[in-house]
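Everything below concerns the one structure shown next.
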Amino acid sequence: MAKVSIISPSILSADFTRLADQIHEAEAAGAGWFHVDVMDGHFVPNLTMGPFVVEACRRSTKLPLDVHLMVEAPDALFEPFAEAGADWLTVHIEACPHIHKSLEAIHALGMRAGVALNPGTPAGAISEVLPQVDLILVMTVDPGFSGGKYVPEMLDKIRSVRSWQEAGRTKALIAVDGGISAQTVPAVAQAGAEVFVAASAVFKHPQGIRAGIHALQAALELAPA
């Protein structure tokens, strides 16, 4: 299987007074996707953005928009985010009691479907719906706030998901989100991750967005195969 490495800057850490400019800068530096964290203040304690922000991102880039719904009852939001221009829509297994129907609904709206796993949720929680999943998002922090503490114990979960790929059980991409930086990205890449969601490491890098992405790219190039 060819190695995939996609850097997906999370706009949660962007300067929203300059959002379009920062998206353009990240795209020029080599971003592959953009990640949009949607939080409702219930499933996670923070409250963030809605479809109107996705619409603004869609006007600013043609790159894929990966929308991560950290919300209770996410199914009601599928259509608004599809209309706003989302390409990928990721829901939490913990918030979806009828996950098969949720994945079907995402696909019916023309989007690719992802499932996220909180640190305390075992990989096996999604084993029965692997054929319907396009993206498996392993949370490497407890979700809810940008800049959360990276949980290194999640490397074993990434390895478990990677083993499903190698065994032909899933074609889903493996993504990681939380505490991703030039320091942590080599280990998660070696474990099997392919999509790297980075917020502060990109938009709050001391030398700027371009330097942040280039630091991640350099770290990925040095990661053991």
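The two residues Ala14 and Leu19 have their closest heavy-atom pair at CB-CD1, 4.0 Å. Closest non-hydrogen pair, Val202 versus Pro9, comes out as CG1-CB, 4.1 Å. In this structure, Ala198 and Leu216 approach most closely via the heavy-atom pair CB-CD1, 3.8 Å. Smallest separation of non-hydrogen atoms from Phe16 and Met49: CZ-CE, 3.9 Å. Closest approach of Ala31 to Leu63, counting heavy atoms only: O-CD1, 3.4 Å. When all heavy atoms are compared, the tightest approach of Val151 to Val141 is CG2-CA, 4.1 Å.
Atom CD of Glu83 has more than 12 heavy atoms from other residues, nucleotides or ligands within 6.0 Å.
Between Glu27 and Gln22, the side chains place no donor N or O within less than 3.5 Å of an acceptor N or O (distance only, hydrogens not considered). Counting only N and O atoms by type, the side chains of Ser8 and Asp66 include no donor and acceptor under 3.5 Å apart. Using modelled atom types and a 3.5 Å distance limit, the side chains of Asp75 and Ser102 yield a donor-acceptor pair. Under the 3.5 Å distance criterion, with hydrogens and angles disregarded, a donor-acceptor pair is assigned to the side chains of Asp134 and His107.
Inter-residue side-chain proximity for Pro64 and Phe34 is flagged as unmet; no heavy-atom pair is nearer than 4.5 Å. Using a 4.5 Å heavy-atom cutoff, the side chains of Ser5 and Glu194 are not in contact. Looking at heavy atoms from C-beta onward, Phe81 lies out of side-chain contact with Leu109 at the 4.5 angstrom threshold. Proximity of Ile158 to Leu155: side-chain heavy atoms (C-beta onward) are separated by under 4.5 Å at one or more points. Leu137 has its side chain out of reach of His92: every pair of non-hydrogen atoms, C-beta onward, lies at least 4.5 Å apart. Side-chain atoms of Val91 and Ile99, non-hydrogen and from C-beta on, do get closer than 4.5 Å to each other. Contact annotation: the side chain of Val54 approaches that of Val67 to within less than 4.5 Å [non-hydrogen atoms, C-beta and beyond]. Using a 4.5 Å heavy-atom cutoff, the side chains of Val176 and Thr184 are not in contact.
A donor-acceptor contact shorter than 3.5 Å links the side chain of Lys157 to the backbone of Thr121. His24 places a side-chain N or O within donor-acceptor distance of the main-chain N or O of Ala20, the cut-off being under 3.5 Å. With hydrogens and angles disregarded, a donor-acceptor distance shorter than 3.5 Å links the side chain of Thr140 to the backbone of Asp177. The backbone N or O of His100 lies less than 3.5 Å from no partner atom in the side chain of Gln132, so there is not a single donor-acceptor pair. For the pair Asp40 (side chain) and Glu72 (backbone), a donor-acceptor distance under 3.5 Å is present.
Trp33 and Val197 fall into different hydrophobic clusters, defined by Ile, Leu, Val, Met, Phe, Trp and Tyr side-chain heavy atoms under 4.5 Å apart, directly or through other members. The hydrophobic cluster containing Leu103 also contains Ile136, counting ILVMFWY residues as joined when their side-chain heavy atoms lie under 4.5 angstrom apart, directly or transitively. Placement of Met111 and Val36 within a single hydrophobic cluster is found when ILVMFWY residues are connected by side-chain heavy-atom separations under 4.5 Å, directly or transitively. With hydrophobic clusters built from ILVMFWY side chains whose heavy atoms lie under 4.5 angstrom apart, Phe52 shares a cluster with Ile11.
The CZ atom of Arg59 lies 10.0 Å from the CD1 atom of Ile23; values are rounded to the nearest 0.5 Å. One finds the OG atom of Ser13 at 11.0 Å from the NE2 atom of His35 (value rounded to the nearest 0.5 Å). Distance check: Leu130 CG to Lys171 NZ gives 13.0 Å after rounding to the nearest 0.5 Å.
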Phe78 vs Leu69, side chain to side chain contact (heavy atoms under 4.5 Å, CB included): CA-CA, chis, key distance, verdict: CA-CA 9 Å; Phe78 294 169; Leu69 296 181; 4.0 Å; yes
Side chain to side chain contact (heavy atoms under 4.5 Å, CB included) assessment of Met154 paired with Met139: CA-CA 8 Å; Met154 294 304 102; Met139 295 301 298; over 6 Å; no
Candidate pair Ile6 and Phe196, rule side chain to side chain contact (heavy atoms under 4.5 Å, CB included), full reasoning: CA-CA 6 Å; Ile6 298 169; Phe196 307 91; 5.9 Å; no
Stepwise side chain to side chain contact (heavy atoms under 4.5 Å, CB included) check, Leu220 with Gln217: CA-CA 5 Å; Leu220 284 168; Gln217 292 170 332; 5.7 Å; no
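Not counting sequence neighbours, the partners of Arg159 by the salt bridge (charged side-chain N to carboxylate O under 4.0 Å, His left out) test are Asp156. Legend: residues meeting salt bridge (charged side-chain N to carboxylate O under 4.0 Å, His left out) with Asp87, ordered by chain and number and at least two apart, are Arg58.
Checking each of Leu135, Leu65, Val195, Ile106 against Trp88 for a side-chain contact (heavy atoms from CB on, under 4.5 Å) leaves exactly one that passes, namely Leu135.
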